[in-house]
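To find a chain, count down the sequence lines: A is the first, B the second, and so on, and within it residues start at 1.
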There are 4 protein chains.
Amino acid sequence: MPKRDAKQDITKAAAICFARNGVDKTSIDEVAREMGASKGKVYHWFRTKGELLLSVRQQSILSVMERVKPIADTPAPTTERFLDMAQAHVHGILDDLPFHRVVVENLRSGLAGATTEHERAFLTEIVALQASYEDLFREVISAGQKDGSFRQQSTSVAVNSIIVLLNAPIFWYQPRPEETETQREDIAKQVARMALGAISI
Amino acid sequence: MPKRDAKQDITKAAAICFARNGVDKTSIDEVAREMGASKGKVYHWFRTKGELLLSVRQQSILSVMERVKPIADTPAPTTERFLDMAQAHVHGILDDLPFHRVVVENLRSGLAGATTEHERAFLTEIVALQASYEDLFREVISAGQKDGSFRQQSTSVAVNSIIVLLNAPIFWYQPRPEETETQREDIAKQVARMALGAISI
Amino acid sequence: MPKRDAKQDITKAAAICFARNGVDKTSIDEVAREMGASKGKVYHWFRTKGELLLSVRQQSILSVMERVKPIADTPAPTTERFLDMAQAHVHGILDDLPFHRVVVENLRSGLAGATTEHERAFLTEIVALQASYEDLFREVISAGQKDGSFRQQSTSVAVNSIIVLLNAPIFWYQPRPEETETQREDIAKQVARMALGAISI
Amino acid sequence: MPKRDAKQDITKAAAICFARNGVDKTSIDEVAREMGASKGKVYHWFRTKGELLLSVRQQSILSVMERVKPIADTPAPTTERFLDMAQAHVHGILDDLPFHRVVVENLRSGLAGATTEHERAFLTEIVALQASYEDLFREVISAGQKDGSFRQQSTSVAVNSIIVLLNAPIFWYQPRPEETETQREDIAKQVARMALGAISI
DNA sequence: TATGAATGAGTTTTCATTCAT
DNA sequence: CATGAATGAAAACTCATTCAT
């Protein structure tokens with residue numbers, strides 16, 4: 001099995017378990033059981049539990065970025081561009097809810113718990129990744145403020161708050177068996193529209 | 001010492017510890033040490049660690065409600081009323097940051113981990129309290145939608161999202177020693193203004 | 001409330017709790033709750049939990065002795081006397097099952113756990129009481145061996161074994177709501193008859 | 001090390017400790033220390049302390065059964081067969097006294113304390129094993145009642161009482177350093193003889 | 001006499017991590 | 001690469017006991 005696959009399988013299993021019971025109530029044994037392997041396999045690919053959590057976080061950022069970056073690179077007008085980016089973000093959240101829930105619930109423990117040299121290096125990398133993701137929004141908002149589409153205000157506060165707002169469904173969305181696709185579409189549209197309103201003049 | 005005092009002292013110590021290291025990384029021993037008492041005292045007043053967390057959550061809701069309710073009861077126009085409520089909420093969050101951080105980071109564990117009969121009863125009570133707090137916002141938003149101040153959209157999604165947005169500083173605000181008061185004022189104003197924009201026409 | 005009553009009430013509550021969940025799984029709090037009092041009351045009358053267990057044991061011996069001694073003092077022929085004593089013993093066991101169960105299940109812990117000076121003194125007293133009870137059977141068996149009614153064999157082994165046999169219902173008798181009186185009568189008769197057979201020629 | 005060995009080693013160490021101080025006064029740490037291993041090892045093989053106790057009980061039944069079953073399968077006349085079975089049972093008890101003491105002292109706690117799903121399943125298995133052992137005596141006693149060797153009486157009461165009687169040495173036999181073998185022989189003979197008398201015409 | 005708050009030692013259990021195979 | 005036995009450091013929780021009221 002190539003390196004990538006093994007690591008991704010484990011990361012996915014970890015995300016599922018972490019989302020189900022919380023990081024601290026999930027044992028490595030449980031993660032292994034989730035993917036039908038033994039504890040040893042997990043430790044073969046990840047040195048510590050913290051590294052596993054960081055891996056989940058990395059995946060979470062990458063998966064949303066994959067959707068948002070292409071739109072950010074578009075030359076569309078700021079308002080339209082922002083709206084599309086926001087909607088793509090919410091869609092990404094809704095499509096992979098457990099993954100993102102884990103991350104949001106463990107932002108701080110990620111910062112505090114990185115004890116190993118290895119972990120710290122990994123964390124630095126992820127923080128940079130997160131920053132580069134936030135920059136996508138920083139840029140479009142900044143541009144909108146310059147061209148008069150968006151209100152003049154602290155860009156930092158705006159960017160941070162907007163991202164929290166776009167993550168909001170994490171806290172209250174309960175996937176239902178029926179008509180999920182349309183529902184998600186509606187939620188994504190509404191939340192993105194609210195985000196636009198939050199920064200518009 | 002009357003019942004209230006002991007329980008409140010313990011709850012406060014717990015909030016401090018939970019905020020510092022996270023709930024799972026905090027031992028009951030540490031909570032006891034924080035208030036210069038013995039582990040036994042904590043267990044005399046709270047049967048489980050989960051009950052202690054619920055107590056923190058209860059205080060958190062009550063303290064914000066105390067600030068917001070009087071404004072909600074005001075006959076001011078919806079837009080103005082909403083803006084003031086929102087600002088009061090953010091202010092409450094910023095003034096007691098650690099307390100509220102604990103709660104937001106552990107919303108789901110509160111739901112999943114309530115194993116004891118006692119805990120479940122307590123949780124039900126708190127869920128009702130939280131619902132009654134959210135109703136303050138539900139009502140003003142609903143009123144604004146009727147009188148044409150606010151956009152027509154799902155009220156549930158709007159209320160839930162707005163509350164997450166007002167909680168946003170939890171995720172990024174770092175209190176600094178200097179000029180905190182003005183800073184907070186500015187942040188509260190800006191976030192409240194963004195919230196208003198998020199629902200306005 | 002006179003001394004006797006308080007101590008007896010507590011002893012009875014303790015016996016009930018001990019029989020229900022075992023001595024070690026019963027807290028003093030539970031004993032207090034059983035009689036609608038507070039932990040402090042128990043500790044006012046008994047210095048340690050071990051003393052409480054000894055008190056249960058004392059009551060157990062006294063209550064059976066009360067039934068058996070009058071018969072032992074009778075001048076009836078050995079065979080008849082033994083049979084009546086045995087039957088009275090079994091009856092006593094069945095009438096106060098929980099009490100006696102506790103004692104039998106904790107014979108050794110009574111010996112090992114007596115740590116306090118006070119407890120040791122109490123234990124000595126109870127061991128003497130138990131010995132004097134066993135003597136009732138020792139005497140009748142001994143007499144029967146001399147007059148040719150009972151088999152010649154080690155009297156110690158005989159006495160010890162007979163008493164265990166007479167206690168046997170402790171291990172398997174389950175009181176049922178219906179027709180208990182006749183049932184008990186039958187069991188007492190049969191077990192007593194078996195005991196007689198065990199020592200007869 | 002094969003599975004069997006580890007589990008058996010732990011069970012044996014547990015039996016020794018339980019017999020020495022009682023189940024409740026024995027910590028898992030002590031069991032581990034007894035066999036020069038770590039607490040973790042015990043928990044690797046047994047999920048709970050209760051399961052460990054059940055394992056001791058299982059061994060206890062199996063070891064006596066091993067001695068008695070071959071005799072029960074013999075075509076000897078009922079009286080002789082019963083006497084030999086009884087003697088074998090007492091011998092088994094005396095040879096492994098601590099083991100059997102543990103079991104008898106904790107018969108009920110085994111029933112009440114089985115909380116885990118796993119434990120309940122194990123308990124069911126053991127109850128069946130115990131029943132099959134008792135059946136050996138039920139059958140010979142029943143046969144003796146039919147062929148006129150034994151008194152007509154409730155077979156259940158007889159079987160239960162006889163087994164308690166055969167276990168009696170548990171309560172009073174103190175192994176001494178000198179001349180143990182002959183002593184045991186005598187005790188086994190006498191107790192078996194008493195048991196026979198208890199059911200004979 | 002009785003109460004119940006407080007203590008702190010002790011117990012079971014869990015789990016990340018290591019390592020021989 | 002993968003397994004799973006073994007370790008040992010926590011951590012939650014219990015409870016006998018004390019003591020001020």
Side-chain angles (χ1 to χ4, degrees), chain A residues 1-3 6 23-32 36-52 113 115-116, chain B residues 1-3 5-7 10 24-32 36-52 115-116, chain C residues 1-3 6 10 23-32 36-52 113 115-116, chain D residues 1-3 5-7 10 23-32 36-52 115-116:
Chain A
M1 193 188 310
K3 204 167 185 172
V23 173
D24 286 276
K25 299 225 177 81
T26 298
S27 67
I28 296 291
D29 253 319
E30 199 180 330
V31 173
S38 78
K39 188 162 34 182
K41 181 169 183 179
V42 177
Y43 272 96
H44 186 79
W45 294 100
F46 294 92
R47 299 193 206 177
T48 63
K49 194 185 183 182
E51 206 181 311
L52 198 46
T115 43
T116 314
Chain B
M1 192 190 309
K3 203 167 186 169
D5 289 4
K7 285 197 133 191
I10 297 168
D24 289 284
K25 300 258 171 60
T26 298
S27 67
I28 297 292
D29 256 319
E30 199 180 331
V31 173
S38 74
K39 183 167 37 182
K41 181 170 183 178
V42 177
Y43 275 100
H44 185 75
W45 292 102
F46 294 93
R47 299 195 204 175
T48 63
K49 193 183 182 181
E51 205 181 314
L52 197 46
T115 39
T116 316
Chain C
M1 192 190 309
K3 204 167 183 170
I10 297 168
V23 173
D24 287 277
K25 298 225 178 81
T26 298
S27 67
I28 297 291
D29 253 319
E30 199 180 331
V31 174
S38 78
K39 188 164 32 184
K41 181 168 183 179
V42 176
Y43 272 95
H44 186 79
W45 294 102
F46 294 92
R47 297 194 208 178
T48 63
K49 193 183 182 182
E51 205 182 311
L52 196 48
T115 42
T116 315
Chain D
M1 191 189 309
K3 204 166 185 170
D5 289 4
K7 285 197 133 191
I10 297 168
V23 173
D24 289 284
K25 301 255 171 63
T26 299
S27 67
I28 296 293
D29 253 320
E30 200 179 330
V31 174
S38 74
K39 184 166 33 184
K41 181 169 183 178
V42 177
Y43 274 99
H44 185 76
W45 292 103
F46 295 92
R47 299 194 205 176
T48 62
K49 193 182 184 183
E51 205 181 313
L52 196 47
T115 40
T116 316

Hey, what are the protein-to-nucleotides 10-14 of chain F N/O distances that come in under 3.5 Å?
residue: F:dA12; atom: OP1; partner: B:T26; partner atom: O; Å: 3.3
residue: F:dA12; atom: OP1; partner: B:K49; partner atom: NZ; Å: 2.7
residue: F:dA12; atom: OP2; partner: B:I28; partner atom: N; Å: 3.1
residue: F:dC13; atom: OP2; partner: B:Y43; partner atom: OH; Å: 3.2
residue: F:dC13; atom: OP2; partner: B:K49; partner atom: N; Å: 3.1
residue: F:dC13; atom: N4; partner: B:K39; partner atom: NZ; Å: 2.5

Applying side-chain contact (heavy atoms from CB on, under 4.5 Å), can you list everything that pairs with [X], at least two apart in sequence or on another chain?
{"X": "D:Y43", "answer": "D:I28, D:K39"}
{"X": "B:T48", "answer": "B:E51, B:T116, B:E119"}
{"X": "B:A32", "answer": "B:V42"}
{"X": "A:S27", "answer": "A:D29, A:E30"}

Interatomic distance, [X] [atom1] vs [N] [atom2] [rounded to whole Å]:
{"X": "D:E30", "N": "E:dG10", "atom1": "CD", "atom2": "P", "answer": "13 Å"}
{"X": "D:W45", "N": "F:dT7", "atom1": "CH2", "atom2": "P", "answer": "12 Å"}
{"X": "C:K41", "N": "F:dT21", "atom1": "NZ", "atom2": "P", "answer": "24 Å"}

Please state the P separation for the pair F:dT21 and E:dT1 - nearest whole angstrom.
->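 Pairwise P distance, F:dT21 against E:dT1, rounds to 22 Å.
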With respect to the phosphate group of F:dA5, does any side-chain polar atom (N or O) of D:H44 fall under 4.0 Å of OP1 or OP2?
->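 Looking at the OP1 and OP2 atoms of F:dA5, one of them is under 4.0 Å from a side-chain N or O of D:H44.
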Do side-chain atoms of C:K49 reach the backbone of C:V23 as a donor and acceptor pair under 3.5 angstrom?
->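 Side chain of C:K49 to backbone of C:V23, a donor-acceptor pair under 3.5 Å: yes, one is there.
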Given Watson-Crick or G-U pairs with both distances under 3.5 Å, what dot-bracket string fits DNA chain F, with | for other-strand pairs and [ ] for crossing?
-> .||||||||||||||||||||
Any chance you could measure B:F46, atom CZ, to B:K41, atom NZ, to the nearest 0.5 Å?
->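 Here the rounded value is 11.0 Å.
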Of D:S38 and A:S38, the one whose closest DNA chain F nucleotide lies more 5' =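 Comparing both residues, the 5'-ward one is A:S38.
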